[in-house]
Visitor: 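Below you'll find the structure I mean.
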Amino acid sequence: MDPFAASRLLWTNPTPHATRVEALRIFINKKRNLKLQDYFDLHRYSVSDYTFWLDLWDFLDIISSSPPSQVLAEGYIKEVPRWFPGARLNYAENLLWRNDDALAITESNEYGRTSSVTFNELRERVRAVAAALKANGVRVGDRVAAIIANNITAIVIALATASVGAIFSSTATDMGIQGVLDRYRQIQPRFIFSETEVVYAGKEINLVPKITEIVKDLTSKGLEHVILLPSLKDKKEVPSSVLNAVPRSSTLSQFLMTGDGRPLSFEQLPFDHPLYILYSSGTTGAPKCIVHSAGGVLMQTKKDVGVHFDLKPDDVYFQYTTTAWMMWPFMLVGLSCGARLVVYDGSPFYPDVKSFLQFVHDQGVTTFGTSPRFLSEVKGKGIKPLLDIGPFSKLRTIASTGAVLTPPMFEWVHEAFGERIFIASSSGGTDICAAFVSAVPALPVYSGEIQGKSLGMKVEIFDPSGANIEHTGTPGELVCTRPHPSLPVKFWGDDPRGTKFLKAYYETYPSAWRQGDFIALNPKTKGLVIYGRSDGVLNPSGVRFGSSEIYTVLERFSALIDDSICVGQRRPVDADERVLLFIVMRPGHVLDRGLELQIREAIRGALSARHVPAYIFQVETIPYTVNGKKIEIAVKQIVSGSKVKPSGTVANPESLDLYYKYQEIEKWAQPKAKL
Ligand SMILES: CC(=O)CC(=O)SCCNC(=O)CCNC(=O)[C@H](O)C(C)(C)COP(=O)(O)OP(=O)(O)OC[C@H]1O[C@@H](n2cnc3c(N)ncnc32)[C@H](O)[C@@H]1OP(=O)(O)O
């Protein structure tokens, strides 16, 4: 069967010469006296000659106080070289270069409060927070963390932190106590900025009990100060009763008053200076704290947004995201492109999806970043955006990421939003804070396909033996066989040899980064199709997390539960997945409704509502390898409809047979129990 049978030419750019990617090709041809003919030539050059990154530095107008003395030097471990030694720059300076009265950011939330700041106002707000951070002794390399909604204040705090050379890390407000502590206990922030109440899907949530517990715990880990942010409902400062409840806390205004009015300045630091810590959880162990460099994130995201998404000054970029996902730092770089950002906190389905689309329309969004789950929800509700909402005349691009956008969904977006819309499907990861494969505005769009490999990313497709199989058109492991600037600097807390880091990405193939996604290349179009995770990482609705976090919560039930396995089940209808949890009970105990509800409640409270499995089942045994590892991938394949031939490494192959009946879950399973 031809895996690309549904691929159909959907869109061609009427003015390809006007794209930034074409401008980059012409720029490099001139600078290097080359004759790169098209995108494929450009990509080949970008992954064969490291001077490409220097060309990109110039093309993207990276602001620095000292230029790099060379492109690449040997790093601490060979997989992570040092980029641009000699360069000194500041990430925040690169995002705040515009100092005019054009709008920089518009924010809104479920309370319907919409407000904007200009570039000048943004600079002033960053200055005030940076001055207070400095006055309170925050230094280069300190960690400043946040539990924060997606709004202007979050961006101000991140940029103020970057301006002084400290490291910013955020979690979204829905993350439970254990989830936050598993992350922040590791990175030990000195300062935390936090919301005290949020609204999501119409429900107001008081965060004070959660924050109080988190702060009490982190105080022994070096937490000095908690800044509680004004109400999202009415912008009022938190009342003194809340300040009294949360140790070491002050209001934002009290904190700002400690600043000394000093002007905005930008600490000049090496290219690989740490900027953000992002998190990724796997199938074992605590969440990984991925340290990303200022220069790496700046260059890669500016390339992704400014070249692959074709974002230009005066565009309006709205990426639906929380402050926990990598799409948050990804979209921030829109400021560096001179564009206006639109940020939204809340459910896109509240009060209904039409209101949300109306907001996108009325804001004059030109590039709308969203997910397949959101798009299929709009489709499922029978909404016809052009008829029901408006002409979307400003909208040029719909960018989709986080999960697979299937051929029928491409076709639907094409029809529903208009044939002129550029569908920019991409895939990358928190691990690199960038895309491996992405949109290429100068190339045609084929339904179901990501247009090309991202510039500078030497993406290849390997079979289990490490042979490149991309010419065959069959799916294999997405690997990256050349270093690029946004390789993580390290994992926070790893040993100096980077043992955990190397195990996470370089264990399968020597010197090739394995991302954990299945991918295939269409030999005819050179487009790419992602088939989902090749490991046990879960990805419901495009929100990735590791089964290890669920196992940690289940330890609370160890008197009753003997063992468990948690996997994703692919839904054929839209390629989305839902989470299934299988439990082995201790002798004499059964999984009854009461225990099931307790488990759900525990997961919701410790991690978040998004982590709660769709189904929980009692099973007799869990399949293991002879080395004692749970076999999540095989179980995932089985429950998703495949027939799996057990390999010789399965210690108890007969156990796999128990999972076939869950392929037809809807026929006999209990519906998802709501709390
Ligand atoms: C480039 C790359 O390749 C790298 C990446 O992948 S980056 C990551 C990209 N991923 C994405 O963009 C994610 C896309 N997904 C989404 O945006 C959302 O899932 C969605 C908007 C499509 C749907 O959101 P949703 O309606 O809240 O549904 P869902 O996500 O299933 O929420 C599950 C639960 O969490 C709750 N919840 C979610 N956010 C919450 C919050 N902030 N506060 C409180 N509760 C919250 C929901 O209310 C829901 O609760 P119930 O089960 O009680 O109803």
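All values below come from the heavy atoms of this structure, side chains included, with hydrogens, waters and symmetry mates left out. Counting starts at 1 for both ligands and their atoms, in listed order.
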Visitor: With ring-ring contact (aromatic ring centres under 6.0 Å, His included) as the test, pick out the partner of F356 among F374, F349, Y350.
Guide: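 Exactly one pass, corresponding to F374.
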Visitor: Please work out whether the ring planes of Y505 and W513 are parallel, tilted or perpendicular, with thresholds of 30° and 60°.
Guide: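 Because their plane-to-plane angle is under 30°, the rings of Y505 and W513 count as parallel.
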Visitor: Under 3.5 Å, is there a donor on one side chain and an acceptor on the other for E110 and S347?
Guide: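 Result is no, nothing qualifies.
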Visitor: Hey, are R340 and T106 close enough side-chain-wise for a donor-acceptor pair under 3.5 Å?
Guide: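 The answer is yes; a qualifying pair exists.
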Visitor: Which option, S541, P540, G369, owns the non-hydrogen atom nearest atom 14 (C) of ligand 1?
Guide: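 Among S541, P540, G369, the closest heavy atom to atom 14 (C) of ligand 1 comes from S541.
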Visitor: Between F349 and ligand 1, which part of the residue brings a heavy atom under 4.0 Å of the ligand: side chain, backbone, both or neither?
Guide: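 Just the side chain.
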Visitor: Does ligand 1 have an atom that lies less than 4.0 angstrom from a heavy atom of R604?
Guide: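 Judged by the 4.0 Å heavy-atom criterion, R604 does count as contacting ligand 1.
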Visitor: Quick check on contacts: which atoms of ligand 1 are under 4.0 angstrom from a heavy atom of I205?
Guide: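 Listed by number with element: 43 (N), 44 (C).
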Visitor: Between the side chains of Y91 and Y276, does any donor sit under 3.5 Å from an acceptor?
Guide: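 Short answer, yes.
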Visitor: With a 4.0 Å cut-off on heavy atoms, is S426 in contact with ligand 1?
Guide: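 Outside the 4.0 Å threshold, so no.
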Visitor: In terms of atom number and element, which parts of ligand 1 are under 4.0 angstrom from non-hydrogen atoms of T401?
Guide: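 Close to T401: 1 (C), 2 (C), 3 (O).
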Visitor: With distance as the sole criterion, is a donor-acceptor pair present between the side chains of E632 and S547 under 3.5 Å?
Guide: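 Indeed, the side chains of E632 and S547 share at least one donor-acceptor pair under 3.5 Å.
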Visitor: Evaluate S347 for polar contact with ligand 1, using N/O atom pairs at a separation under 3.5 Å.
Guide: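 No, there is no polar N/O contact under 3.5 Å.
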Visitor: Mind running salt bridge (charged side-chain N to carboxylate O under 4.0 Å, His left out) on R533 and E577 for me, showing each step along the way?
Guide: CA-CA 11 Å; R533 296 293 301 181; E577 73 175 39; over 6 Å; no
Visitor: Grab the two heavy atoms, one from E470 and one from V459, that are nearest each other, plus how far apart they are.
Guide: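 Where E470 meets V459 most closely, the heavy atoms are OE1-O, 3.9 Å.
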Visitor: Numbering the atoms of ligand 1 from 1, which are under 4.0 Å from a heavy atom of S371?
Guide: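 Result: 14 (C), 15 (N), 22 (C).
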Visitor: In ligand 1, which numbered atoms sit nearer than 4.0 Å to a non-hydrogen atom of Y320?
Guide: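 Listed by number with element, the hits are 17 (O), 21 (C).
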Visitor: Quick one: which ligand 1 atoms are inside 4.0 Å of a heavy atom on M327?
Guide: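 Listed by number with element: 1 (C), 7 (S).
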Visitor: Heavy atoms only: which of Y350, W325, Y200 lies closest to atom 16 (C) of ligand 1?
Guide: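 Shortest heavy-atom distance from atom 16 (C) of ligand 1: W325.
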Visitor: If hydrogens are left out, which of G542, P348, G202 has an atom nearest to atom 10 (N) of ligand 1, that is, the closest non-hydrogen atom?
Guide: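 Looking at heavy atoms only, G542 sits closest to atom 10 (N) of ligand 1.
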Visitor: Could you check which of K203, M175, M326, R373 puts a non-hydrogen atom nearest to atom 5 (C) of ligand 1?
Guide: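 Residue with the shortest heavy-atom distance to the ligand atom: M326.
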Visitor: Looking at ligand 1, does T321 have a heavy atom less than 4.0 Å from it?
Guide: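 So T321 does not count as touching ligand 1.
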Visitor: How does V198 reach ligand 1, by side chain, by backbone, by both or by neither, if only non-hydrogen atoms under 4.0 Å count?
Guide: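 V198 to ligand 1: no contact under 4.0 Å from either part.
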Visitor: With a heavy-atom distance limit of 4.0 Å, tell me whether R610 approaches ligand 1 through its side chain, its backbone, both, or neither.
Guide: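 Both backbone and side chain.
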Visitor: Would you say the rings of F368 and F392 are close, in the sense that their centroids are separated by under 6.0 Å?
Guide: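 Centroid separation for F392 and F368: 6.0 Å or greater.
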Visitor: Should the ring pair F501 and Y506 be called parallel, tilted or perpendicular, given that the plane angle runs from 0 to 90° and is split at 30 and 60?
Guide: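 Because their plane-to-plane angle lies in the 30° to 60° range, the rings of F501 and Y506 count as tilted.
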Visitor: Under the 3.5 angstrom rule, does the side chain of K210 hit a backbone N or O of G605 as a donor-acceptor pair?
Guide: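 Not confirmed, K210 side chain does not pair with G605 backbone.
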Visitor: To which of A609, S427, G428 does the heavy atom nearest atom 49 (C) of ligand 1 belong?
Guide: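 Comparing heavy atoms across A609, S427, G428, the nearest one to atom 49 (C) of ligand 1 lies in A609.
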